[in-house]
Amino acid sequence: MSKQNDDFFKNVIAHAKEYGFVFPSSEIYDGLSAVYDYGQLGAELKNNLKQYWWKSMVHLHENIVGIDSAIFMHPTIWKASGHVDGFNDPMIDNKDSKKRYRADQLIEDQITRYLNDGKQTEAEQLQADLDQALADDDLGRLKTIIEDQHIVCPVSGTKNWTEVRQFNLMFPTQMGASAEDADTVYLRPETAQGIFVNFLNVQKSGRMKVPFGIAQIGKAFRNEVIARQFIMRMREFEQMELQFFVRPGTELEWYEKWKETRLKWHIALNGDAARYRFHEHAKLAHYANAAVDIEYDFPFGFREVEGIHSRTDFDLAQHQKFSGKKMQYFDPEVNKNYVPYVVETSVGLDRLFLTVLCNAFEEQDLSTEDKKDSRSVLRFHPAVAPIKAAILPLTRKDGLPDKAREILDILRIDYNVQYDEKDSIGKRYRRQDAIGTPFCITVDYQSLDDNTVTIRHRDSMDQERLAIAELEQMIRERTGWKTLLG
Ligand code: ATP
């Protein structure tokens with residue numbers, strides 16, 4: 001089945017729920033819009049993706065360290081960063097359906113329709129108009145484009161639109177014991193600022209020399225005007241960000257370097273280079289002098305999974321201005337003090353998770369002339385698979401479960417392995433295929449005699465015989481981090 005359609009995506013979402021990867025939040029209360037929970041296998045997969053990022057960015061770079069800053073931060077930080085005044089999306093309401101939309105997304109949908117109808121020229125012209133209106137922050141122009149293009153509300157089918165207004169995406173909340181003296185603080189909309197305000201702490205305590213990086217994984221919150229496409233756009237999500245501090249004037253070299261490094265990282269994980277592309281930004285954010293997205297070909301088309309920005313000295317200079325504290329570095333090589341420039345790489349963990357799910361999911365027809373058969377399989381890279389191996393006694397008697405549990409005890413300290421004795425062996429194999437377990441280890445009567453087991457491979461479904469004494473090494477060689485990072 002092609003990965004480029006709605007049915008495929010619906011099946012991915014249904015599969016993720018059925019097997020304990022992702023659940024709608026607060027489901028028994030009919031859910032909470034654009035918020036999701038990760039289930040027992042989703043949490044494992046997510047943890048493995050975090051580890052893949054942390055190992056490759058922090059442990060494998062001598063000049064990068066990782067921190068974990070608080071979600072609540074001093075409210076002035078969001079003034080300095082520009083979020084209080086500028087972290088807005090242009091929104092528009094339809095007066096008949098009372099539905100709210102992002103004005104730019106309504107226009108992007110129209111561009112997609114042109115492309116689907118083969119109207120390349122119209123699509124390009126409209127894209128240029130949209131880019132210009134966004135670059136000029138011209139809300140009136142966005143409204144005019146929507147009217148000129150005869151864009152209707154998908155729910156009411158009418159063109160009865162309000163004016164386009166700016167909507168701030170930050171979630172405010174109160175901090176303090178009593179309402180009178182409570183301060184307004186924000187749930188952070190990005191993890192980056194927690195890194196910038198700790199720049200000096202880390203540089204000094206870690207004796208870091210430019211160029212160096214600070215990495216962080218953590219939750220971020222955005223009150224998205226409209227959230228859709230499953231875990232693609234959520235109101236609570238997780239980011240994995242690197243801020244890499246460099247000498248001014250060298251930032252574009254580092255930007256190019258990180259672009260290539262990050263693209264390779266994604267391709268190593270999902271294995272399919274054709275599903276990725278770069279998208280250079282037409283409209284640069286106020287803080288950037290170069291910006292690119294790494295896009296993945298989701299079932300609904302190419303969309304951003306990671307952003308790479310050359311942020312100049314904007315953030316550190318702003319914090320210097322607002323806090324009154326010097327955010328400078330003395331560079332002994334050039335014998336000068338300066339505010340470092342920054343190259344940022346920022347990947348959404350949930351979107352990354354979605355690339356991995358979409359990439360791995362396959363429904364295979366295994367029918368032969370005599371028998372109809374099929375299987376659902378998640379072909380995860382073994383290093384990130386939630387469960388590395390399942391240990392399956394052929395029957396529940398004659399000492400086979402005891403032998404299987406001996407193997408479980410050998411492997412479980414270093415690897416997430418699962419014991420399963422319910423149902424026929426064929427059904428158990430299929431269950432493990434459906435959750436992406438790369439190896440099934442079957443303990444049978446021969447195992448009691450000669451201490452060997454059958455290894456059944458998820459992708460090829462081939463089987464081979466292996467000594468129990470060699471199992472640990474096999475699992476290490478086939479699922480260890482070296483298979484992805486070596
Ligand atoms: P978009 O244009 O899709 O709104 P963005 O350009 O605002 O994304 P950044 O601010 O660059 O995103 O954030 C970096 C990364 O964080 C994105 O590449 C994406 O993977 C992730 N991300 C941003 N917003 C969300 C969200 N609402 N839900 C899930 N992930 C998100």
Side-chain angles (χ1 to χ4, degrees), residues 22 25 32-38 42 46 49-50 53 78 81-83 86-91 101-105 107-109 130-131 134 167-171 187-196 215-243 255 258-259 262-263 265-266 269-270 276-288 290-296 298 300-311 314-315 342-358:
V22 183
S25 160
L32 182 64
S33 171
V35 185
Y36 288 88
D37 296 336
Y38 287 84
K46 209 171 164 203
L49 294 173
K50 285 190 208 181
W53 188 85
W78 304 112
S81 68
H83 283 81
F87 194 50
N88 303 315
D89 273 343
M91 67 168 189
Y101 299 93
R102 257 175 70 175
D104 54 333
Q105 279 177 358
I107 299 170
E108 268 165 16
D109 290 346
L130 172 62
D131 290 344
L134 290 176
F167 175 74
N168 193 288
L169 301 187
M170 283 200 296
F171 283 100
L187 297 184
R188 66 180 176 199
E190 61 175 29
T191 60
Q193 298 305 324
I195 296 180
F196 294 126
Q216 161 152 253
I217 300 176
K219 289 266 184 174
F221 304 82
R222 295 183 188 178
N223 199 1
E224 300 280 0
V225 175
I226 97 155
R228 55 182 178 181
Q229 286 156 337
F230 192 39
I231 54 174
M232 183 73 196
R233 187 173 297 287
M234 299 152 89
R235 296 204 164 98
E236 172 180 343
F237 59 100
E238 225 163 326
Q239 292 184 311
M240 305 195 287
E241 296 197 302
L242 166 74
Q243 308 300 330
Y255 167 77
W258 280 113
K259 250 175 85 174
R262 295 304 304 150
L263 180 64
W265 184 92
H266 285 277
L269 174 64
N270 277 328
Y276 290 93
R277 71 179 189 196
F278 286 126
H279 172 249
E280 301 280 346
H281 285 210
K283 181 197 172 190
L284 289 176
H286 56 281
Y287 50 75
V292 69
D293 296 335
I294 295 177
E295 294 188 337
Y296 175 80
F298 288 97
F300 38 85
F302 275 98
R303 295 285 189 288
E304 170 179 351
V305 56
E306 171 153 0
I308 296 155
H309 300 114
S310 172
R311 292 180 79 119
F314 175 81
D315 303 272
V342 171
V343 175
E344 167 188 80
T345 72
S346 174
V347 55
L349 177 55
D350 313 86
R351 279 192 201 175
L352 178 72
F353 186 108
L354 190 56
T355 69
V356 171
L357 262 193
C358 292

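Residues take their numbers from the sequence shown, with the count starting at 1. As the structure is a prediction and not an experimental result, all values here were calculated from the model. Numbering of ligands and ligand atoms starts at 1, following listing order.
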ask   = Which atoms from ligand 1 have a heavy atom of Ser346 less than 4.0 Å away?
value = 13 (O), 14 (C), 15 (C), 18 (O)

inquiry  = I'd like to know whether Arg351 forms a side-chain contact (heavy atoms from CB on, under 4.5 Å) with Phe237, so could you lay out the CA-CA distance, the side-chain angles of the two residues, the decisive distance to 0.1 Å, and finally the verdict.
reply    = CA-CA 9 Å; Arg351 279 192 201 175; Phe237 59 100; over 6 Å; no

inquiry  = Can you name the atoms of ligand 1, numbered from 1 with element, that are less than 4.0 Å from a heavy atom of Gln239?
reply    = 13 (O), 14 (C), 16 (O)

query = Ile231 to ligand 1: N or O pair under 3.5 Å?
reply = no

request  = Flag the pair Arg311 and Glu190 as a salt bridge only when some basic side-chain nitrogen lies within less than 4.0 angstrom of an acidic carboxylate oxygen.
outcome  = yes

remark   = Under 4.0 Å from one or more heavy atoms of Met232, ligand 1 contributes atoms 28 (N), 29 (C), 30 (N)

Closest contact, heavy atoms only, Glu238 versus Asp350 = N-OD1, 2.8 Å

query = What are the atoms of ligand 1, with element, lying closer than 4.0 Å to any heavy atom of Gly307?
reply = 18 (O)

task = Check ligand 1 against Glu224 and write out every atom of the ligand that is under 4.0 Å from a heavy-atom position of the residue.
result = 24 (N), 26 (C), 27 (N)

key: Any side-chain donor near an acceptor of the partner, Asn270 and Tyr276, under 3.5 Å   = yes

ask   = What residue and atom, counting heavy atoms only, is the protein's closest point to atom 21 (C) of ligand 1, and at what distance?
value = Gly348 CA, 3.6 Å

key: Closest contact, heavy atoms only, Glu280 versus Lys259   = OE2-NZ, 2.9 Å

ask   = For ligand 1, which atoms sit closer than 4.0 Å to a heavy atom of Glu306?
value = 18 (O)

inquiry  = Exactly one of Phe171, Phe221, Tyr287, Trp78 should register a ring-ring contact (aromatic ring centres under 6.0 Å, His included) with His83. Which one does?
reply    = Trp78

key: Passing candidate, side-chain contact (heavy atoms from CB on, under 4.5 Å) with Glu306, options Val347, Thr355, Leu263   = Val347

query = Against heavy atoms of His309, which atoms of ligand 1 measure under 4.0 Å?
reply = 11 (O)

query = Counting both backbone and side chain atoms, is some N or O of Val347 under 3.5 Å from an N or O of ligand 1?
reply = no

query = What class does the angle between the rings of His279 and His281 fall in, given that below 30° is parallel, 30 to 60° is tilted and above 60° is perpendicular?
reply = tilted

ask   = Should Asp350 be listed as contacting ligand 1, given a heavy-atom distance under 4.0 Å as the test?
value = no

message = Check this for me - ligand 1, Val305, N or O atoms closer than 3.5 angstrom, yes or no?
response = yes

remark   = A student comparing Glu190, Glu344, Arg233 should find that the heavy atom closest to atom 3 (O) of ligand 1 comes from Arg233

inquiry  = Working note: Phe196 + Val342, criterion side-chain contact (heavy atoms from CB on, under 4.5 Å); need CA distance, chi angles, decisive distance, verdict.
reply    = CA-CA 10 Å; Phe196 294 126; Val342 171; 3.9 Å; yes

ask   = Taking atom 28 (N) of ligand 1 as the point of reference, which of Met240, Gln105, Arg102, Met234 owns the nearest heavy atom?
value = Met234

ask   = For ligand 1, does Arg222 get within less than 4.0 Å through its side chain, its backbone, both, or neither, judged by non-hydrogen atoms?
value = side chain

query = In the protein, what heavy atom is nearest to atom 22 (N) of ligand 1, and what distance, to one decimal place, separates them?
reply = Phe237 CE1, 3.5 Å

Side-chain heavy atoms of Phe230 within contact of Val22, under 4.5 Å = yes

note = Nearest non-hydrogen protein atom to atom 11 (O) of ligand 1, with distance, is Glu304 OE2, 3.5 Å

query = Going by distance alone, is a donor N or O of one side chain under 3.5 Å from an acceptor N or O of the other, for Glu241 and Thr191?
reply = yes

